[in-house]
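Residue numbering restarts at 1 for every chain, and letters A, B, ... go by the order of the sequence lines. The analysis underlying the following values was restricted to heavy atoms, covering all of them including side chains, and did not include hydrogens, waters or symmetry mates.
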Number of protein chains: 2
Amino acid sequence: MSGLATQATQDYLKVIYQVCEDHSRASTGQIADELGVTPASVTGMLKKLAASEPALLSYRKHQGAVLTPEGERLALQIIRSHRLLECFLHDTLGYAWDEVHEEAERLEHAISGPLGRRIADLLQEPEHDPHGAPIPTRDLQMPADCSVPLDELTPGQDACVKRVSDRDPQLLRYLAEISLIPGTELTLLQPLPFSDHVRLRYGGDNEAIIISARVACQVFVIPHQRAGEAGKHDCLIAGEQLT
Amino acid sequence: MSGLATQATQDYLKVIYQVCEDHSRASTGQIADELGVTPASVTGMLKKLAASEPALLSYRKHQGAVLTPEGERLALQIIRSHRLLECFLHDTLGYAWDEVHEEAERLEHAISGPLGRRIADLLQEPEHDPHGAPIPTRDLQMPADCSVPLDELTPGQDACVKRVSDRDPQLLRYLAEISLIPGTELTLLQPLPFSDHVRLRYGGDNEAIIISARVACQVFVIPHQRAGEAGKHDCLIAGEQLT
DNA sequence: ATAATTTTTTAGGTATGGCTAAATGCTACT
DNA sequence: AGTAGCATTTAGCCATACCTAAAAAATTAT
């Protein structure tokens, strides 16, 4: 009742989990986009996953899907496998951080529970993948992530890069080049007038760096609390759910 | 024209290659047994693989299949991946030699060419998997294997264990227990009368050890040439083919 | 409120790769 | 040479998971 699940099922659960982290329900269209299939295919699959025993998600017509606790458990297993594999490929096999995602995407469906555990042991239970995304714990709790997109920071505010999106290898190479990587301390400068670009200062040299909004919204930071200011973004517990 | 191939296709090519190592053609029934599917399914699949472009095997009704050079290339890729993974799981992740086969069986379909190469680099291009089976080289040549089943040795003959079958974890645990592992030097003693068991002497102590024929035929050894005796088993080049 | 637009669902099809049952072809024996 | 027994193939079917095109529902704009 818990070991199996086709690769397609695993892929659906994974993206539904991730979509639900932002919007509380995952719509047919969003899932279709993420998986690169047509919305019609998604409708069919959602029905199947909702009707399976035990149900992996709950689905109501025209209102998308939410995972059941069982579905979420499976989703977290895949996500843990994926992120552990990314760490492993990066740390042990010397993969660049823009190469790990694609490879892990295929391997995540093939590794067994014991193999996942051995990898985690070897790496001493890492907490983040190479892009800074939190790794669900051994007992499948998703650590809280209180980061916000860089472009939502208030000008003048200091922050620390927590994680970056791992989807686009080109973006990752660019970010590595400009050293905008997890752990980087930065300050958001005043915006350019008539521009959707963002100005930052960070690193050893005192240069201001300008990045496009398309990039900025893929970089997630933890704002530093400023004295006397109520936290605009209090650390909300994300991805928690009662089981 | 060479990257893809479904998992089922890969499984078929792999077992056809292995069956053809012994018998020059692989029969429908043998393939079905190895894959755990019905002969009817095999017939259907062989037709498909023979009709594909490029053809991966040649198939004639009632006469089974042989791989084409292209099919053999793919088979050797999978076998190389499988055996590299076994080494990796064993050497780097501390798997026992009876655990590696099953895990590698799933992973072999998921790893990319580059990942295979990185693993081979990390392990410094190993020549044998943990059970002693030869690993196809980087350019997909299968190294010659001139070993013979232990039970085909002439009584009194000395030999060195080359490899053991990796199929049965229980057998592997047993062999590890009695230290009948690749590299072991041994002498075949006179057979027991009225018995299909085999008597051996090896290891530090001078004890004779008795193993059943069922075990003996799964252990492959390289006989030592005895002075004045023409080699009964000359080293034949196995698995070679012009491309 | 109604119309236009977008999203989602339904209906009907395709390709893979399995299965069973029945028919056919091979092989070995008398 | 005929036939029994085994291996193989054919025929017809099932499940998964995808697709397209058309219908229906929801959302947005007028």
Side-chain angles (χ1 to χ4, degrees), chain A residues 3-16 19-20 22-66 71 74-75 78 105-106 108-110, chain B residues 3-16 19-20 22-66 71 74-75 78 105-106 108-110:
Chain A
L4 25 159
T6 65
Q7 177 162 337
T9 297
Q10 295 181 341
D11 284 334
Y12 274 85
L13 295 177
K14 191 175 59 161
V15 320
I16 292 167
V19 169
C20 287
D22 301 332
H23 324 72
S24 60
R25 291 188 83 90
S27 76
T28 305
Q30 282 173 309
I31 299 168
D33 284 350
E34 296 289 326
L35 289 174
V37 299
T38 62
S41 303
V42 174
T43 301
M45 195 64 171
L46 292 184
K47 283 186 188 175
K48 198 170 307 185
L49 297 178
S52 78
E53 184 52 55
L56 300 177
L57 51 83
S58 102
Y59 163 69
R60 289 200 309 274
K61 275 184 194 175
H62 297 102
Q63 287 171 237
V66 224
L74 288 176
I78 315 291
E105 198 73 12
R106 267 173 294 111
E108 66 189 8
H109 304 292
Chain B
L4 25 158
T6 66
Q7 177 162 337
T9 297
Q10 296 181 340
D11 284 334
Y12 274 84
L13 295 178
K14 192 174 58 161
V15 319
I16 292 168
V19 169
C20 286
D22 301 332
H23 324 72
S24 61
R25 292 187 82 88
S27 76
T28 306
Q30 281 174 310
I31 299 168
D33 284 349
E34 296 289 326
L35 289 173
V37 301
T38 61
S41 303
V42 174
T43 301
M45 196 62 172
L46 292 184
K47 283 187 188 175
K48 199 170 305 183
L49 297 178
S52 78
E53 184 51 54
L56 300 178
L57 51 82
S58 102
Y59 163 69
R60 290 201 308 275
K61 276 184 194 176
H62 300 280
Q63 289 172 234
V66 224
L74 288 176
I78 315 292
E105 200 72 11
R106 266 172 295 109
E108 67 189 8
H109 305 291

Going by heavy atoms closer than 4.0 Å, what residues in residues 36-50 of chain A are next to DNA chain C? Pro39(A), Ala40(A), Thr43(A), Lys47(A)
Rounded distance (Å) that lies between atom C1' of dG17(C) and atom CD of Gln7(A): 16 Å
Rounded to whole Å, please give me the gap between CG in Asp11(A) and C1' in dC18(D). 13 Å
Do the side chains of His62(B) and Ser27(B) get nearer than 4.5 Å, heavy atoms only? no
Whole Å only: how far is the CZ atom of Arg60(B) from the C1' atom of dT9(D)? 16 Å
Should Tyr12(A) be listed as having a side-chain N or O under 4.0 Å from OP1 or OP2 of dC18(D)? yes
OP1 or OP2 of dT9(D) less than 4.0 angstrom from a side-chain nitrogen or oxygen of Tyr59(B), does that happen here? yes
Could you give the CD1-to-P distance, from Ile31(A) to dT7(C), as a whole number of Å? 15 Å
Let's go through Thr9(A) and Leu56(A) carefully: what are the C-alpha distance in whole Å and the side-chain angles of both, what is the deciding distance for side-chain contact (heavy atoms from CB on, under 4.5 Å) to 0.1 Å, and is it a yes or a no? CA-CA 9 Å; Thr9(A) 297; Leu56(A) 300 177; 3.9 Å; yes
Backbone N/O of Cys20(B) and side chain of Ser24(B): donor-acceptor pair under 3.5 Å: no
Can you see which heavy atom on Tyr12(A) is nearest to which on Val42(A), and at what distance? OH-CA, 3.9 Å
Write out a two-atom table: protein N or O, nucleotide N or O from nucleotides 24-26 of chain D, distance below 3.5 Å.
none

In short, salt bridge (charged side-chain N to carboxylate O under 4.0 Å, His left out) pairs touching residues 28-46 of chain B with sequence neighbours left out are Glu34(B)-Arg167(B)
Any Glu108(B) side-chain heavy atom under 4.5 Å of Lys14(B) side chain: yes
Which heavy atom of Ala50(A) sits nearest to which heavy atom of Tyr59(A), and what is that distance? CB-CB, 3.9 Å
Using whole Å, report how far CG of Leu56(A) lies from P of dT16(D). 13 Å
Please give me the minimum heavy-atom distance between Val19(A) and Arg25(A), naming the atom from each residue. CG1-O, 4.2 Å
Run the side-chain contact (heavy atoms from CB on, under 4.5 Å) test on Ile16(A) and Leu46(A) for me, step by step, so that the C-alpha distance in whole Å, both residues' side-chain angles and the decisive distance to 0.1 Å come before the verdict. CA-CA 10 Å; Ile16(A) 292 167; Leu46(A) 292 184; 3.9 Å; yes
Would you say Ser27(B) reaches dA7(D)'s phosphate, i.e. side-chain N/O to OP1/OP2 under 4.0 Å? no
